Amino acid sequence: MILLANEELEFEIRTNQYTNIKTTRRTPMMIYIARSTTYFIWSTLIFLISIILSHMFFNGKFFMPSLHLVDLILMSILNYAVFFVLYTMAIKLTERFKRVSVLLNLFNTIMLFYSGLVFPAPLVSYADVLDIFLNKK
């Protein structure tokens with residue numbers, strides 16, 4: 001979603017639409033924050049649907065962590081906080097330097113390695129960080 005926002009902003013800068021956005025009553029950052037809410041709702045719905053479908057079809061076949069409604073809400077809030085910080089950082093970098101898509105793609109690749117999606121044994125994964133917050137007892 002962050003790469004999509006960067007791509008949209010770079011396109012608007014290249015086609016001079018950004019100058020029109022700057023002349024509106026709302027600041028460009030407020031416009032992109034409104035867009036980020038839509039992106040976040042969309043990605044949260046996809047996440048929740050995938051959790052529901054995986055519990056319906058794969059329960060008992062694979063190791064599935066038990067997630068309750070409170071855990072899902074807490075996980076969504078934490079993901080939105082991380083998403084919002086990275087999103088605003090990407091927008092600010094794009095506004096300042098105009099072309100940062102290569103840097104963001106490199107960051108995305110590093111995050112894929114870090115999350116364990118490329119190699120199965122990361123040192124500390126994003127899931128471990130979420131586990132610290134979710135399993136406070």
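Quick note: residue numbers are just sequence positions, from 1. Treat the numbers as computed from the prediction; the structure is a model and nothing was measured.
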Rounded to the nearest 0.5 Å, how far apart are [atom1] of [X] and [atom2] of [Y]?
X	Y	atom1	atom2	value
Ile91	Ile33	CD1	CD1	9.5 Å
Leu9	Ser101	CG	OG	11.0 Å
Leu103	Phe97	CG	CZ	9.5 Å
Thr109	Asn105	OG1	CG	6.5 Å
Arg99	Thr94	CZ	OG1	11.0 Å

- [ ] Applying side chain to side chain contact (heavy atoms under 4.5 Å, CB included), name anything that partners Glu7, two or more places apart in sequence or on another chain.
- [x] none
- [ ] Given side chain to side chain contact (heavy atoms under 4.5 Å, CB included), test Leu86 with Phe107 step by step and report yes or no.
- [x] CA-CA 11 Å; Leu86 293 175; Phe107 180 71; 4.0 Å; yes
Task: Charged N-O contact under 4.0 Å between Glu12 and Lys98 - done: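 So Glu12 does not pair with Lys98 through a salt bridge.
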Open item on the list: Is there a continuous path of hydrophobic side-chain contacts, each under 4.5 Å between heavy atoms, that joins Val82 to Ile46?
Closed with: yes
Open item on the list: What I'd like to find out is whether the side chain of Tyr80 reaches to under 4.5 Å of the side chain of Ile41, using heavy atoms alone.
Closed with: no
TODO: Could you check Thr37, Thr44, Thr38 and say which one makes a side chain to side chain contact (heavy atoms under 4.5 Å, CB included) with Phe40?
DONE: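 Among Thr37, Thr44, Thr38, the one meeting side chain to side chain contact (heavy atoms under 4.5 Å, CB included) with Phe40 is Thr44.
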- [ ] Could you pull out all residues at least two apart from Phe83 that satisfy ring pair (Phe, Tyr, Trp, His ring centres under 6.0 Å)?
- [x] Tyr87
- [ ] Report yes or no: is the cationic atom of Arg14 (NZ for Lys, CZ for Arg) under 6.0 Å from the centre of the six-membered ring of Phe11, at an angle within 45° of the ring normal?
- [x] no
